[in-house]
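All remarks here apply to the structure that follows.
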Amino acid sequence: MLSALWALCTLAALAGPAALRLRSRPGFLTGRDGRLSTSTTLAFAWTVILVWLLVTILGWGLVAGGGTAYFTGPHGPLDSLATVYLPLLGGPYAALIAAKTVVGLRVQQGTLDKPALGPGEPPRARDLISNDSGRTDLVDLQYVVLSVVTMAYVVTFFLADVGAGLPDLPDQIWALTGAPAGAYLVNKLAARPNPVITRVTRRGGAYVIEGGGFAADATHGNPKVTIDGRPPVDAPPTPEGTLVVPAPRTSPEAATPTAPAAQPEAGATAPAPPATATPDGSDLPVTIHVTARGLRSDPYHYDPKA
């Protein structure tokens, strides 16, 4: 019990200041687009856990384990460091380095766009499992979930017997981080350069669409914007890289005829008229798609009241 308490206090001493620092300045874990990087965050988490294990074992050995003899015995507390834990850490770091290289080269060659977050928009934990459009990415999700499960496995077994040193895990457990890291990297290589919508604003009678991948090409012409399933509208990119399209004056539902209201009886108070949308549709939510270079973006749901 005391050994587990010692280990938890050591973890708090290591992770607490790091968490506070990252909360105020998360740039260490973000990519070039300002979002939390999945590969960087998981590699950092594994580093914190491994450092915590080593520091806790060192303190326990010097205080309660009998000094240097604790580390030099035939079955020392660090026996599995090279065979299990360094390979366990290697997968996330290999994915981190390779993913940064792949994304950097693709952005430089113009085969991938990484639109940045809007001004003042902070990174979110959801960035770890979602794509640039904010939709959940299955590959990122499995990488994060399997990594977290493996971390929980290591931490739980270590707290159960701190004096035994590094938990005795199967040699093949590295596959729980290595295989998802490999899938994560392949996903970076195979990702299609679909246009990405990061923000939509209403300015007068038009929608201003921000994002990336809105370039025109000779085959498909200018990007096309679809609003609530209406016919696509040609939208040449502005010098700032945004798309500006006129907003529909009313939603399709607004054009549906309604039955006339019943007349109130004599002496009765007339009911208040039902609330209706503004004629220009500025208070109506819409769903927007952008198609550029033959590729379609994920839907963006714009709600002026959100």
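These values consider heavy atoms only, across backbone and side chains, with no hydrogens, waters or symmetry-generated copies.
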Run through the side-chain heavy atoms of Ile, Leu, Val, Met, Phe, Trp and Tyr, join any pair under 4.5 Å, and report what else lands in Leu112's cluster.
Val103, Val107
Applying a strict under-4.5 Å side-chain criterion to I, L, V, M, F, W and Y, I'd like to know whether Tyr85 and Val162 cluster together.
yes
Rounded to the nearest 0.5 Å, what separates atom CZ in Arg230 from atom OG1 in Thr287?
11.0 Å
Show your reasoning for whether side-chain contact (heavy atoms from CB on, under 4.5 Å) applies to Ile197 and Ile288.
CA-CA 9 Å; Ile197 304 174; Ile288 298 176; 4.2 Å; yes
Partner residues of Ser37 under the side chain to side chain contact (heavy atoms under 4.5 Å, CB included) criterion, sequence neighbours left out:
Ser39, Thr40
Partner set under side chain to side chain contact (heavy atoms under 4.5 Å, CB included) for Leu128, not counting sequence neighbours:
Leu36, Thr38, Thr41, Val144
Here the pair of heavy atoms bringing Gly213 nearest to Ala292 is O-CB, 3.4 Å
Please evaluate residues Phe214 and Ile209 with respect to the criterion side-chain contact (heavy atoms from CB on, under 4.5 Å), reporting the C-alpha separation (whole Å), side-chain torsions for both, the decisive distance (0.1 Å), and the verdict.
CA-CA 10 Å; Phe214 298 159; Ile209 304 171; 4.1 Å; yes
According to the side-chain hydrogen bond (donor to acceptor under 3.5 Å, both in side chains) rule, which pairs have a member within residues 136-151, sequence neighbours left out?
Arg126-Thr136
With rounding to the nearest 0.5 angstrom, report the CG to CG distance, Leu146 to Leu141.
9.0 Å
For the student: nearest non-hydrogen atoms of Leu86 and Ala82, plus distance
CD1-CA, 4.1 Å
I want to check something: taking the side chain as every heavy atom from C-beta on, are Pro248 and Ile227 in contact at a cut-off of under 4.5 Å?
yes
Listed once per pair and sorted, the salt bridge (charged side-chain N to carboxylate O under 4.0 Å, His left out) pairs that draw on residues 285-297, sequence neighbours left out:
Asp113-Arg293
Under the rule for side chain to side chain contact (heavy atoms under 4.5 Å, CB included), what residues qualify as partners of Arg135, not counting sequence neighbours?
Asn131, Asp298, Pro299
For Phe44, ring-ring contact (aromatic ring centres under 6.0 Å, His included) partners two or more places apart
Phe28
Drop me the distance from Leu62's CG to Ile57's CD1, to the nearest 0.5 angstrom.
12.0 Å
Examine the side chains of Ser297 and His289 and answer whether a donor and an acceptor come within less than 3.5 Å of each other.
no
Do Val208 and Leu243 belong to the same hydrophobic cluster, where Ile, Leu, Val, Met, Phe, Trp and Tyr are linked whenever their side-chain heavy atoms lie under 4.5 Å apart, directly or via other members?
no
Would Leu166 and Asp79 satisfy side-chain contact (heavy atoms from CB on, under 4.5 Å), going step by step from the backbone distance to the final call?
CA-CA 8 Å; Leu166 294 175; Asp79 278 356; over 6 Å; no
Flag yes if Val102 and Val186 sit in one hydrophobic cluster, no otherwise; membership is Ile, Leu, Val, Met, Phe, Trp, Tyr, and two members link when side-chain heavy atoms are under 4.5 Å apart.
no
Atom CG in Leu88, atom CG in Leu169: separation rounded to 0.5 Å?
7.5 Å
Given Thr47 and Tyr93, is the side-chain contact (heavy atoms from CB on, under 4.5 Å) satisfied, shown in steps?
CA-CA 10 Å; Thr47 301; Tyr93 268 94; 2.5 Å; yes
Applied to residues 99-128, the ring pair (Phe, Tyr, Trp, His ring centres under 6.0 Å) test, sequence neighbours excluded, yields none
For the residue pair Thr83 and Pro87, what are the closest heavy atoms and their distance?
O-CG, 3.6 Å
Between the CH2 atom in Trp52 and the CG atom in Leu8, the distance rounded to the nearest 0.5 Å is 6.5 Å
For residues 177-201, which residue pairs qualify under side-chain hydrogen bond (donor to acceptor under 3.5 Å, both in side chains), counting only residues two or more places apart or in two chains?
Arg199-Glu210
So salt bridge (charged side-chain N to carboxylate O under 4.0 Å, His left out) across residues 231-247, not counting sequence neighbours, yields Lys224-Asp234
What is the minimum heavy-atom distance between Leu96 and Ala43, and which atoms define it?
CD2-CB, 4.1 Å
Got a sec, which residues hit ring-ring contact (aromatic ring centres under 6.0 Å, His included) with Trp46, two or more places apart in sequence or on another chain?
none
Point-to-point distance, once rounded to the nearest 0.5 Å, from CG of Leu11 to CG of Leu53
9.0 Å
Report whether Val51 and Leu89 are members of the same hydrophobic cluster (ILVMFWY, side-chain heavy atoms less than 4.5 Å apart, transitive linking).
yes
Are Val196 and Tyr300 grouped together when hydrophobic residues (ILVMFWY) are joined by side-chain heavy atoms under 4.5 angstrom apart?
no
Kindly indicate whether the side chain of Pro237, heavy atoms from C-beta on, has any atom under 4.5 Å from the side chain of Asn222.
yes
For the residue pair Thr56 and Trp60, confirm or rule out a side-chain donor-acceptor distance under 3.5 Å.
no
Where at least one partner belongs to residues 99-109, residue pairs that pass salt bridge (charged side-chain N to carboxylate O under 4.0 Å, His left out), sequence neighbours excluded:
none
Taking all heavy atoms of Ala235 and all of Val245, pick out the closest pair and write down the distance.
CB-CG1, 3.6 Å
Correct closest heavy-atom pair for Leu284 and Pro304 would be O-CD, 3.6 Å
Tell me, yes or no, whether the heavy-atom count around Asp168 atom CG, taken from other residues, nucleotides or ligands under 6.0 Å, exceeds 12.
no
